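Worksheet: one structure, shown below.
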Amino acid sequence: MATWLDLERELRTWRAAGETPTFWWRDDDADAPTAALERLLALADGHGAPLHLAVVPRDVSPELAPLLGQSGEVYVLQHGFAHVNHEPAGAPAAEVGQGRPATLKLRDLREGWRRLRAAQLPNLLPGLTPPWNRISHDTVVQLPRLGYRLLSTGYPRKARKAAPGLHRVNIHVDPIRWKRGPEFRQVEGTLELLTEHLARRRLGVVDPAEPTGLSTHHLQTGEPVWEFLDQLLERLTHRERGRWVRLASILESG
């Protein structure tokens, strides 16, 4: 388990090497304004951290776009279609996994993208974040043909492109543990994930160019997690300890 002091040591090690670690932030499962979403947006604005909101398209509310438009830097990614599990009993949950015909998966993704466009969400990026961070290979290779240019799942990426023309930028640090329902991983457990990924990047064990991804779920965030996030954003954002990445800049780079 790690402490705030361990994080400070790791950040100082990066600084001593003349490097600034990069981070990016993705929050999942939005489709309508809620008190939790408003709190999330206020937290991001308060720390000047770009937020990438994974929106479930099926029931996207017409009231979502005006709310997001009030925030400084919120970017929208497509979060599957309905966030429904189509895998057989006993298999890991997935909406675009192996347990469904490719034609149906692609049909849903197209319709989801159409609904996000129709909702006129600001800063909509051509990126897919599959529910449960799982997607079958046969779906991945079709994404560029559908117009997607970015894919975000979990764990350190093995390659910068998931398919030709398709950037991959994953998430690595989630303060919530999910196996027994959403529960706080606690400060020490979350900092362990963070410092480990930073150290592995610094040592070249994983791709050092992939920004360390923070994953949150505003609808399942309890007060201890909100307090932790506020402290974490304070430490990473200020005094030039880290730099937050906008995925739009990765797409612009080609």
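Just the heavy atoms: all of them, side chains too, but no hydrogens, waters or symmetry mates, feed the values below. The structure presented is a predicted model; accordingly, all values stated were derived computationally and were not measured.
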Would a single hydrophobic cluster contain both L43 and L214, if residues Ile, Leu, Val, Met, Phe, Trp and Tyr are joined by side-chain heavy-atom contacts under 4.5 Å? yes
Per the side-chain hydrogen bond (donor to acceptor under 3.5 Å, both in side chains) rule, what does the pair list look like for residues 181-195, sequence neighbours excluded? R180-E183
Verify whether the ring centers belonging to W178 and H217 lie closer than 6.0 Å. yes
Checking Y148 now: which residues fulfil ring-ring contact (aromatic ring centres under 6.0 Å, His included) with it, not counting sequence neighbours? none
Taking salt bridge (charged side-chain N to carboxylate O under 4.0 Å, His left out) as the criterion, tell me which of K158, R160, K161 meets it with D207. R160
Check whether any side-chain heavy atom of L106 sits under 4.5 Å from a side-chain heavy atom of V96, and report yes or no. no
Would you kindly say whether T216 and W25 are connected by a side-chain donor-acceptor distance under 3.5 Å? yes
Is it true that W24 and Y75 have ring centroids separated by less than 6.0 Å? no
Got a donor-acceptor contact below 3.5 angstrom from the N170 side chain to the Y155 backbone? yes
Please say which of E196, E19, E10 ends up in a salt bridge (charged side-chain N to carboxylate O under 4.0 Å, His left out) with R202. E10
Side chains of L77 and V55, heavy atoms from C-beta outward: is any pair under 4.5 Å? no
When you measure from the side chain of T139 to the backbone of I135, do you find a donor-acceptor pair of N or O atoms at a distance under 3.5 Å? no
Side chain to side chain contact (heavy atoms under 4.5 Å, CB included) partners for P101, two or more places apart: T103, L104
From CA spacing to verdict: side chain to side chain contact (heavy atoms under 4.5 Å, CB included), L53, L40: CA-CA 10 Å; L53 196 64; L40 177 78; 4.0 Å; yes
Identified side chain to side chain contact (heavy atoms under 4.5 Å, CB included) partner of T212 from the options L236, V173, L193, V206: V173
Do R26 and S152 have side-chain N/O donor and acceptor atoms under 3.5 Å apart? yes
With sequence neighbours excluded, give me every side-chain hydrogen bond (donor to acceptor under 3.5 Å, both in side chains) pair touching residues 91-100. R100-D108
Would you mind checking if R201 and E210 are paired as a salt bridge, meaning a charged N to carboxylate O distance below 4.0 Å? no
Just wondering, do P33 and S61 contact through their side chains at under 4.5 Å, heavy atoms? yes
Who passes side chain to side chain contact (heavy atoms under 4.5 Å, CB included) against R58, sequence neighbours left out? F81, A82, V84, R115
Tell me, with the steps shown, if R235 and E8 meet salt bridge (Lys or Arg N to Asp or Glu O under 4.0 Å). CA-CA 9 Å; R235 290 170 184 266; E8 292 292 336; 3.4 Å; yes
If you measure from the Lys or Arg side-chain nitrogens to the Asp or Glu carboxylate oxygens, is any gap between E227 and R39 under 4.0 Å? no
For residues 120-132, which side-chain donor-acceptor pairs fall under 3.5 Å, sequence neighbours excluded?
residue : atom : partner : partner atom : Å
N123    : ND2  : V74     : O            : 3.0
T129    : OG1  : Q78     : O            : 3.3
T129    : OG1  : H79     : ND1          : 2.9

What orientation do F23 and W244 show, parallel under 30°, tilted 30 to 60°, or perpendicular over 60°? tilted
